[in-house]
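Read the structure below first, then the notes.
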Amino acid sequence: MDMELRQEQERVNRVMEKIAEEIKRVEGETSARRMEVVNIRKHFWDEVKVNIDTFDDYLETIIGLRQEAQALSVSQSTHRHASKRLSSLRRMQEVPYFGRIDFIEEGTSTAERIYIGTSTLTDTGGEKFLIYDWRAPVSSVYYDYQPGPAKYVTPGGVIEGILEKKWQYLIRGGLIQSMFDTSLTIGDEILQQVLGKGSDKHMHNIVATIQQEQNRIIRHDRGRMLIVHGAAGSGKTSAALQRIAYLLYKYRDTLNADQIILFSPNAMFNSYVSNVLPELGEENMQQVTFQEYLDHRLKIEFQVENPFDQLEYVLTAVDNPSYRTRIAGIQFKATTYFFEAIKSYRESLELSGMVFKGISFRGKTIVTAEQIADKFYSSNTSLRFYSKLEKLKDWLIKQIDEAEKLERKKPWVQEEIELLSNEDYHKAYTYLAKKRGFKGESIHDYEVETKALARLIVRQKLKPLRKQIKAFRFINMKGIYKQFFTDPLQIKQCMDQEAPEEWADICLLTVKMLDEGKLFYEDATPFLLMKELIQGFQMNSSIKHILVDEAQDYSPFQFEFLKRLFPAARMTVLGDFNQAIFAHASEMVNFHTLTGLYGSDKTVAINLTRSYRSTKPIVEFTRGLVPDGGRITAFERDGEKPILTQLSTRSELHRSIASKIADLQKRGYSTIAVICKSAEESIAAYDSLSVIEEIKLVKSGSIEYEQGVVVIPVYLAKGIEFDAVIIYDASAEVYGDESLRRLFYTACTRAMHHLQLYSVGEPSPLLRNAAPESLTLS
C-alpha cells in the first residue's frame, strides 16, 4: 500500500503542477480579455462613424454599431468563460479529484484509470484526460456500480464493460490524507468524515459523496416531471442542486442558469444554498419564494398575507371564533376542485357578471361602469372573451380621444398654460417645434400656437388614464372575485363537487377581508388565476426548468397554477410528506396526487428513505414520531441518544437551556438552534434567553442564514440543519394535539449531532410512539 500511496501522491504532484500551469495561462488570458473589453468600451464611438444624412449613411451607421456591439459581446463572453475556468482551477488546487475507477471497456483487455473531480483537466496536448468532470457520462459508473459488470450512456450509445476497482481519495492542499479501495472497505469512510463535520452557514456540494439513489435524481433526464419524496436529511435538496449543475453541463449549448428557477421555502434558505453551484463552477439559477412572486403581482391591489402568518394563525389562534371556518377555507381553496370552480366562474363571465370601474377625469365621468358593461356584452358574441376585451379597450381609448377634444377648450387648460414654469414651457416649445420639422438653429423660428400647447397639455394629463386602460385597470378584479363569494349558491353552478358545509361562513369571512383591502394567503393564487384567465395568462416560456423545494408546503391549486405559468418548463419537485406542516396538507394526501399534473407517463417518482443528516440514535428516535417512519433507515454514524428533560417552571427551563448551550459550545458545536413551535413562542423564548451571549432571533423576514445560537420557529428551520437542536418546550401543553405531529417531527429532524428536548410539565403524547430505548430521560 505504501508503494501505491507514493505513486498516487506523485500523480497528484504532477496534476497540481499542471493545474498551476493552467492557472498561469488562464490568468494571462483573463487579463488580456479584460483589457480588450475595457479598450472596446473606451473607444466604442471612435470606431463608429455616425452619419444619418441619407438612408445609405444611416444604414452604414447601423451596420458599424452592430459590428462594434458584436465585437464587444464576443470579448465579454470570452472573458466570462476564462474567468469561470479560472475559478474552477483555483478550486481544483484545493481538491483536484476525489475518486477513481479502473474500467475495462468491452473489446479491450486493459483497464483505464479514470480520475473524477469537480471539473475537467487534460494534458498539455488536450488529448488525455487527467481528471474527468463528475458529470461526464463515464463518471456515472463511479456512483452507480460496485466492482463487476457496469455500463454508462453516451450520446453515441451505451458503453459496457467491467468495473475492476473503485477508489476514494481525501486530498487537501495537494496531499493525499487518505485513499482506499471501496470494494474492500466496509462503510463509506469519506461520507463518515463529511457527515461528522459541523454545519456552517452554507450548504456545500456533495459530489464526492453522492450515493447511488441520489445519482438517479441528478442524472434523470426523461419526462416533464420528477418527484423526489425523501426522508428528512436524505440529501434531496443537495441532489437537486447537483442536478441543476449536471443539466447545465450536459446542455451547456442550449441551457443557461437564467432559464432555471428554484422556488425555495424562504429567503433565508436562498442564502443557505447559494454556495453549491458556484462551488461547481456554475452560475446560480434564479431563486424566488412563491410569496415573492405573489407580492410582485398583487401588492399594488392588496395587502397579501404571507404563508408564515397564515401558519402562525393556525398554530396560535385556536380560540378565535372564526378558526374552524378559516381552516375549512384554507383546505378547500387549496384543492383542484376550487381551481376548476374558478375556471368555470371565468367561463360564466362570458354571458354576464363582469364588473368594471367607471372612467373619470378631473372629477367628471367620461364613461360609467354600466356603459362599459353594456358595450362589452352587446359586442359581437362570436368573438373570444379576450378579443372582446381588446375591442372594449380600443373603444375606451376612443372615448378618451373624444373627451380630449372637449377638454382643450375648457378654462383649466388656459390656467395650466399660464402657470407653466420657464423650464416646462421650454420643453413644450422644443417638443412642438421638432414635431413641426424645425431643428438646429431654426427651432427659434418656430412660433408656438396656443391650440398646439393646449393639445399637448391635455394629452399629457390624460396619459395616465390611457396607460391604465391599456393595462386593463378598468376591470374591477376585486369586485369580480368578491362577487364569487357574495352568493354562496354561486359555487354550485361552477363545481360538480360539494362545497364544504362551512361554505357560507367562508364566503362571509373572505368578503370581510376583501373589503379591508386584504387577501388571505389561501386566496392569493385563486385571485391571481382568475385575473390571468380574464386578462390573458402572463406565461413565461423562456424558463426551461423549475425546482420546487419543500413541495409539501404547496397546494394542488398552486401546482396547477405553476404548470400554466411555465408552459415550456420541466419540473423537479422535492419534499417530505412527514414535514407537511401547513393547514392544507390534508389536501395533498401524498405526492402521488401530483402525477396527474402532466400524466403518469411523463412523471417519475423517486423515494429516498436513507437519512444522512442525523446520527443513527437521532434517526432511530425521530422515525418513531411519524406513522410510516419504519421505512426510514439511518446511516451508520454513531452518536448519543436524544435527551428529554422534564422541568417544573419556566425559570428552571431557561437556566437549563443556558447551561446546555454553554456545554454544547465547549464541545465545539458552532450552530445551535433553540426551536420553538411558533413565532409567538420564539419571541417569548428569545426575551427570556437574551442573557446568552450573541443569541439571535430568526424572523420570517430574515435574509441571511445565521451561525451561532439562534431561536427560530419550526417553519423557518425547514430545509436547514444544525449541529445541535434544543426543542424549547416539548410538553403536552405545547404539542398536545395530533395535528402537530409533523411539525414536531420537522423540529427534531433538524439536528445533526445532538438533540435535547425540554418539557415544562407533562411531555407531549406525540413522544409515546417513539421507542422508549431511543430516548435518554434526565
Side-chain angles (χ1 to χ4, degrees), residues 297-298 300-302 340-410 412-413 454-487 489-491 493-494 507 510-511 514-515 517 519 523 526-539 564:
R297 297 294 309 279
L298 296 172
I300 295 171
E301 298 166 85
F302 293 105
E340 293 302 320
I342 295 288
K343 280 170 65 182
S344 296
Y345 176 51
R346 195 329 251 125
E347 284 164 17
S348 75
L349 297 175
E350 301 204 9
L351 299 175
S352 65
M354 280 290 284
V355 185
F356 297 99
K357 298 174 186 173
I359 295 171
S360 303
F361 180 65
R362 292 181 61 82
K364 293 193 177 176
T365 303
I366 296 173
V367 194
T368 66
E370 291 76 17
Q371 285 172 320
I372 298 173
D374 288 345
K375 182 68 181 175
F376 180 73
Y377 285 113
S378 64
S379 63
N380 189 341
T381 51
S382 65
L383 284 175
R384 295 178 68 182
F385 186 83
Y386 187 69
S387 300
K388 282 172 74 173
L389 276 179
E390 283 292 326
K391 278 197 165 295
L392 181 63
K393 188 166 72 174
D394 294 341
W395 178 75
L396 286 170
I397 293 292
K398 282 179 186 171
Q399 303 312 302
I400 299 295
D401 292 342
E402 292 301 315
E404 185 184 312
K405 290 173 190 172
L406 297 172
E407 291 295 325
R408 289 175 201 156
K409 300 167 187 172
K410 293 188 177 176
W412 71 266
V413 181
R455 188 161 51 242
L456 180 62
I457 283 170
V458 175
R459 178 155 283 267
Q460 284 296 107
K461 293 286 183 184
L462 283 167
K463 194 176 180 180
L465 215 49
R466 283 191 173 90
K467 196 175 176 182
Q468 285 176 19
I469 289 168
K470 285 173 183 173
F472 292 110
R473 297 288 290 279
F474 59 89
I475 302 172
N476 187 347
M477 292 295 177
K478 178 180 166 184
I480 295 169
Y481 192 67
K482 179 181 170 181
Q483 183 178 255
F484 187 61
F485 297 94
T486 48
D487 178 8
L489 296 175
Q490 172 95 36
I491 194 91
Q493 299 160 21
C494 297
C507 288
T510 307
V511 168
L514 290 168
D515 286 343
L519 204 59
D523 281 302
F527 179 87
L528 201 50
L529 173 69
M530 185 203 73
K531 186 175 181 179
E532 301 283 76
L533 290 172
I534 289 170
Q535 291 184 191
F537 237 96
Q538 289 191 26
M539 296 181 290
R564 283 159 180 78

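All residue numbers refer to positions in the sequence shown, counting from 1.
- For the pair Phe376 and Trp395, the minimum side-chain heavy-atom distance is 4.5 Å or more.
- Here Arg455 contributes atom CZ and Glu407 contributes atom CD; the two are 15.0 Å apart, rounded to the nearest 0.5 Å.
- The ring pair (Phe, Tyr, Trp, His ring centres under 6.0 Å) test applied to Tyr377 returns no partner, not counting sequence neighbours.
- Remark: Leu406 CG is packed, more than 12 non-hydrogen atoms of other residues, nucleotides or ligands lying under 6.0 Å away.
- Leu392 has its side chain within reach of Phe474: a pair of non-hydrogen atoms, C-beta onward, lies under 4.5 Å apart.
- Every residue two or more places apart in sequence or in another chain was checked for a side-chain hydrogen bond (donor to acceptor under 3.5 Å, both in side chains) with Lys375, and none qualifies.
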Please report, to 0.1 Å, the donor-acceptor pairs under 3.5 Å made by any side chain of residues 462-471, with sequence neighbours excluded.
| residue | atom | partner | partner atom | Å |
| --- | --- | --- | --- | --- |
| Arg466 | NH1 | Glu404 | OE1 | 3.3 |
| Arg466 | NH2 | Asp401 | OD1 | 2.8 |
| Arg466 | NH2 | Glu404 | OE1 | 2.6 |

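- Here Leu528 contributes atom CG and Met477 contributes atom CE; the two are 10.0 Å apart, rounded to the nearest 0.5 Å.
- Residues passing the salt bridge (charged side-chain N to carboxylate O under 4.0 Å, His left out) test with Glu402, sequence neighbours excluded: Lys405.
- Here Gln371 pairs with Val367, Thr368 under the side-chain contact (heavy atoms from CB on, under 4.5 Å) rule; sequence neighbours left out.
- For Lys531, the side-chain hydrogen bond (donor to acceptor under 3.5 Å, both in side chains) partners two or more places apart in sequence, or in a different chain, are Glu301.
- Between the side chain of Ser344 and the backbone N or O of Glu340, at least one donor-acceptor pair lies under 3.5 Å.
- Interatomic distance, Lys391 NZ to Leu383 CG, rounded to the nearest 0.5 Å: 6.5 Å.
- Applying the side-chain hydrogen bond (donor to acceptor under 3.5 Å, both in side chains) criterion to Arg297, with sequence neighbours excluded, gives Tyr293, Glu532.
- The SG atom of Cys494 sits 5.0 Å away from atom CZ of Phe484, with the distance rounded to the nearest 0.5 Å.
- Note on ring orientation: taking the six-membered ring where Trp is involved, the planes of Phe485 and Tyr481 are perpendicular (angle over 60°, cut-offs 30° and 60°).
- For the atom pair Leu456 CG and Lys461 NZ, the distance stands at 11.5 Å (nearest 0.5 Å).
- Residues passing the salt bridge (charged side-chain N to carboxylate O under 4.0 Å, His left out) test with Lys478, sequence neighbours excluded: none.
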Donor-acceptor list for residues 346-363 side chains, cut-off 3.5 Å, not counting sequence neighbours:
| residue | atom | partner | partner atom | Å |
| --- | --- | --- | --- | --- |
| Arg346 | NE | Leu533 | O | 3.1 |
| Arg346 | NH1 | Glu350 | OE2 | 3.1 |
| Arg346 | NH2 | Glu350 | OE2 | 3.4 |
| Ser348 | OG | Tyr345 | O | 2.6 |

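- Evaluated for a side chain to side chain contact (heavy atoms under 4.5 Å, CB included) with Lys482, the options Leu514, Asn476, Thr510 yield exactly one hit, Leu514.
- Every residue was checked against the side-chain hydrogen bond (donor to acceptor under 3.5 Å, both in side chains) condition with Asp394, not counting sequence neighbours, and none meets it.
- Listed by chain and residue number, Glu390 satisfy the salt bridge (charged side-chain N to carboxylate O under 4.0 Å, His left out) test with Lys393 (two or more places apart in sequence, or in another chain).
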